[in-house]
Number of protein chains: 2
Amino acid sequence: MPAEPRYRRIAEELRQAIAEHAYGPGGRLPSEGALAERYAVSRGTIRQALMLLRHDGLVTSRRGTRRVVLDDAPVQDFAQMQSFARWARSIGEVPDGAVIRQGWHPADDAEQRQLRITPGARVLRVLRLRHLSGRPAMLERTSYPEPVGAIVEPLPPDTVSVTEFLERGGVAVADAEHTIDLVLADAEDAEHLGCAVGDPLLRERRRTTDPAGVPLEWSQDRYLPGSIAFVVHNSLASTPLTRHHMVPDGRDG
Amino acid sequence: MPAEPRYRRIAEELRQAIAEHAYGPGGRLPSEGALAERYAVSRGTIRQALMLLRHDGLVTSRRGTRRVVLDDAPVQDFAQMQSFARWARSIGEVPDGAVIRQGWHPADDAEQRQLRITPGARVLRVLRLRHLSGRPAMLERTSYPEPVGAIVEPLPPDTVSVTEFLERGGVAVADAEHTIDLVLADAEDAEHLGCAVGDPLLRERRRTTDPAGVPLEWSQDRYLPGSIAFVVHNSLASTPLTRHHMVPDGRDG
DNA sequence: AAACCGAAGTTGTATGGCCAACACCTCGTT
DNA sequence: AACGAGGTGTTGGCCATACAACTTCGGTTT
């Protein structure tokens, strides 16, 4: 169990203080020097902590004045965005899930490119339905490359959190790229989500990679609209959000 | 014209080198020490540059080994995400736009909260239709608080880029928070976008703030689906993306 | 052949320092 | 009252150093 570095612990404390309105929205944070003294660390360490808050959009920062608290920002950690089950629990819902179908297939074009595997390789395709407190919420089509698939395959179909299982198995997720757009439900979507064919769904395509940059999964999640939204923060300091133009018959479907 | 700091220039060079496949996808970057020597700067400066690439998802980084190039990542800068016109031009389309309606109104609940203004204050509401190379693409409902609205109001209705005009006027955007979900077209959407009432649209609600944390605009953009997608990168290092649960009759409409 | 060990290389964490750029306030001048 | 100059406080940029934690690889032992 590696101890959290100091700058992360300090960031956590500041995050909590902000959440409790210790400085109020629009209020000013103490200066870096003051914080350094309070926590008995150097200014550099304080700056590292504040960087985290800045990237999450909790505070601004500009030369000359103290940092300003932006808002009670909707910050979750990486793990919560990564795992449907964890997210569901954090909003007070009961997550549930069931594998509808799974099996090994030769990788198609998109899978080869997304998972960076050779033409011959196999992938494990899993079709999974996710519930929020009993109601269908999302249909998930995930492709796992050989090594990860071998871990996922034997899991019982009603495993609530595959992500959490993989973590315990030593599979660490470090990066994820999400593409969000809109699609119309096909027959399979309609059947399992309980909507009509052609009904609009919010689609999130996601590729996750491990700390070494090796792709771990490629997934296409389709959410019933009305109860889900994606929130992104970007700033001059970091611009993780981009708009994408697709030609009418865009591949990578 | 302030000179770009060194770490940003170095990041730009590395970005370009990666784009030209100088290290190849899955390849390894030179060590921090080697880069520091090459650019004749300290390791700290190199690390600042590499942080930028890491947040954008171009490279991984973990203790013990050299950084790995993740992919030709879809990176645009903040300005391109911020301005519809700039984005359109960057993908080779001709942006166009026209104000359909605009006028001052007392701020409603959502506007008061989003723009952090007092109950009595006025906002300038602008309804704007955006075209991509002649075809309707997006309908934009923006609310500007008093000072910004006063700058926007006198603009000619066919101003292509309001954002670029505001920049020249000294209005700087530093932060933006985006909420992406799905809505069905109302009568007004249908009329101007040329779709049917009830057709699904991709909605992006956006609040931008200046470097001091003062809200500059609150906008609700509705995109015709099929040609637009939002791409987000997140990682252990920074988690700007969150999932949000909305109660059926969520306010903040 | 497999497992273990250790050395070398690399990134992460933290300290300390210095100056520049900028915001903000005060005070004095106009 | 309006304006401008200057001083103070604060963050940004950059440097140098030291050690810790980790990966990788080669060699050794089992």
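Hydrogens, waters and symmetry mates are skipped; everything else that's a heavy atom, side chains included, is used.
- Using a 4.0 Å heavy-atom distance criterion, Arg6(A) is classed as a sugar-phosphate-only contact.
- Judged by distance alone, the side chains of Thr163(A) and Gln82(A) never bring a donor and an acceptor atom under 3.5 Å apart.
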Pairs under 3.5 angstrom, nitrogen or oxygen only, protein versus nucleotides 3-9 of chain D, please.
{"unit_1": "dG9(D)", "atom_1": "N2", "unit_2": "Gly64(A)", "atom_2": "O", "d": "2.9"}

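- Proximity of Thr45(B) to the phosphate of dG13(D): no side-chain N or O atom is located under 4.0 Å from OP1 or OP2.
- Taking the six-membered ring where tryptophan is involved, the planes of His245(B) and Trp87(A) are perpendicular, since the angle between them exceeds 60° and thus also 30°.
- Listed nucleotides dG12(D), dC14(D), dT13(C) differ in distance to Tyr7(B); the shortest reach to its side chain belongs to dC14(D).
- Taking side-chain N and O atoms only, Arg67(B) has a distance below 4.0 Å to OP1 or OP2 of dG12(C).
- The residue among Gln48(B) and Arg43(B) whose nearest nucleotide of DNA chain D is located toward the 5' end is Gln48(B).
- Between Val171(A) and the choices Asp210(A), Ile151(A), Thr208(A), the side chain to side chain contact (heavy atoms under 4.5 Å, CB included) rule is met once, by Ile151(A).
- Each of Arg205(A), Arg125(A), Arg130(A) was compared with Glu140(A) under the salt bridge (charged side-chain N to carboxylate O under 4.0 Å, His left out) criterion, and only Arg130(A) meets it.
- Comparing Val41(B) and Ala212(A), the nucleotide of DNA chain D nearest to each residue sits closer to the 5' end for Val41(B).
- Residue side chain Arg8(B) does not reach the base of dG13(D) through any donor-acceptor N/O pair under 3.5 Å, judged by distance alone.
- Distance Ile10(B) CD1 to dG13(D) P: 13 Å, rounded to the nearest Å.
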